[in-house]
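Remember, predicted model here, so these are calculated numbers, not experimental data. The figures that follow rest on heavy atoms only: side chains count, while hydrogens, waters and symmetry mates do not.
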Amino acid sequence: MKKAIPYILGLGAAFLAYKYFWKAKAAATLNIKLRTIKLQPIKNAAVVLEIINPTPASINFDSITADVLINDFALSTLNYQVQTTIPANSSVNVNLGIKINPLDGLSFIANLFKNRGKLNDIKITGTVSGEGITSSINIQQPLKF
């Protein structure tokens with residue numbers, strides 16, 4: 001029996017290493033896309049991100065923190081603190097509520113007048129974290145209305 005213990009421990013370590021490998025690969029290959037921006041009603045304004053897991057292992061994340069910039073002006077910080085599981089080879093949509101400080105809102109409107117009302121692009125930068133793994137968010141695309 002004493003001779004079997006190292007083999008059992010070795011198999012357990014190999015299993016954990018295999019599982020961690022797929023979790024790390026999933027975090028490194030997460031694909032994050034901007035699905036839509038909800039503006040109505042304004043008190044429920046949100047950015048909807050789709051997080052795609054292209055690996056054969058599910059992954060759990062427990063937080064998303066990101067900044068929303070429009071025309072390079074910091075409009076809002078998004079903070080999502082909910083345990084969520086992305087199944088293997090699947091995706092989830094996450095609604096991130098937009099909270100705008102009134103002073104920042106006034107600064108944004110002043111900046112908008114300065115740019116003659118042009119809304120060129122939106123940038124969302126931040127991180128998705130969970131299971132001790134962090135994946136970055138870096139989205140930039142033109143605003144279309």
Side-chain angles (χ1 to χ4, degrees), residues 6-145:
Y7 293 114
I8 293 170
L9 292 175
L11 285 173
F15 174 76
L16 290 175
Y18 177 78
K19 186 175 178 179
Y20 183 76
F21 168 78
W22 281 110
K23 297 286 183 184
K25 184 159 179 67
T29 59
L30 282 179
N31 188 354
I32 303 168
K33 295 181 179 181
L34 175 62
R35 272 291 148 223
T36 189
I37 301 172
K38 294 181 186 178
L39 296 175
Q40 296 293 330
I42 196 67
K43 68 179 183 176
N44 294 331
V47 170
V48 180
L49 296 179
E50 179 182 20
I51 304 175
I52 303 164
N53 176 6
T55 66
S58 66
I59 187 166
N60 298 316
F61 67 89
D62 51 24
S63 72
I64 299 174
T65 303
D67 292 322
V68 177
L69 294 95
I70 296 179
N71 292 359
D72 291 323
F73 180 84
L75 184 63
S76 178
T77 297
L78 309 173
N79 193 1
Y80 183 81
Q81 301 289 327
V82 177
Q83 179 81 25
T84 305
T85 299
I86 308 171
N89 299 310
S90 188
S91 67
V92 295
N93 287 334
V94 178
N95 289 336
L96 303 167
I98 299 173
K99 304 282 189 254
I100 301 173
N101 178 320
L103 191 56
D104 290 339
L106 291 173
S107 295
F108 175 73
I109 291 169
N111 190 30
L112 190 59
F113 279 118
K114 186 175 106 179
N115 290 326
R116 298 188 178 121
K118 293 181 184 175
L119 296 174
N120 298 328
D121 63 354
I122 183 169
K123 293 179 188 174
I124 302 173
T125 59
T127 58
V128 176
S129 301
E131 298 186 57
I133 299 167
T134 302
S135 183
S136 65
I137 301 170
N138 193 5
I139 299 170
Q140 181 174 352
Q141 66 185 53
L143 278 171
K144 297 176 186 173
F145 292 99

Salt bridge (charged side-chain N to carboxylate O under 4.0 Å, His left out): pairs with one or both residues in residues 46-64, sequence neighbours excluded | Arg35-Glu50
Got a sec, which pairs hit salt bridge (charged side-chain N to carboxylate O under 4.0 Å, His left out) with one end in residues 82-94, sequence neighbours left out?
-> none
Report the distance from atom CD1 of Ile32 to atom OG of Ser91, rounding to the nearest 0.5 Å.
-> 12.0 Å
Atom CD1 in Ile52, atom CG in Asn89: separation rounded to 0.5 Å?
-> 11.5 Å
Testing Leu49, Thr125, Ile122, Val47 for side-chain contact (heavy atoms from CB on, under 4.5 Å) with Ile139, which one passes?
-> Leu49
For the side-chain contact (heavy atoms from CB on, under 4.5 Å) test, which of Ile64, Thr127, Thr65, Ile51 pairs with Ile137?
-> Ile64
May I have the list of side-chain donor-acceptor pairs in residues 77-86 shorter than 3.5 Å, sequence neighbours left out?
{"unit_1": "Thr77", "atom_1": "OG1", "unit_2": "Asp67", "atom_2": "OD1", "d": "2.9"}
{"unit_1": "Asn79", "atom_1": "OD1", "unit_2": "Gln81", "atom_2": "NE2", "d": "2.6"}
{"unit_1": "Thr84", "atom_1": "OG1", "unit_2": "Val82", "atom_2": "O", "d": "3.2"}
{"unit_1": "Thr85", "atom_1": "OG1", "unit_2": "Asn60", "atom_2": "OD1", "d": "2.4"}

Report the residues that fulfil side chain to side chain contact (heavy atoms under 4.5 Å, CB included) with Gln140, sequence neighbours left out, ordered by chain and then residue number.
-> Asp121, Lys123
In short, Ser129 meets Thr134 closest at the heavy-atom pair OG-OG1, 3.6 Å
Of the non-hydrogen atoms in Pro87 and Ser58, which two are nearest, and what is the gap between them?
-> CA-CB, 4.0 Å
Determine, step by step, whether Asn53 and Thr55 satisfy the side-chain hydrogen bond (donor to acceptor under 3.5 Å, both in side chains) criterion, reporting the C-alpha distance in whole Å, the side-chain angles of both residues, the deciding distance to 0.1 Å, and the verdict.
-> CA-CA 6 Å; Asn53 176 6; Thr55 66; 2.7 Å; yes
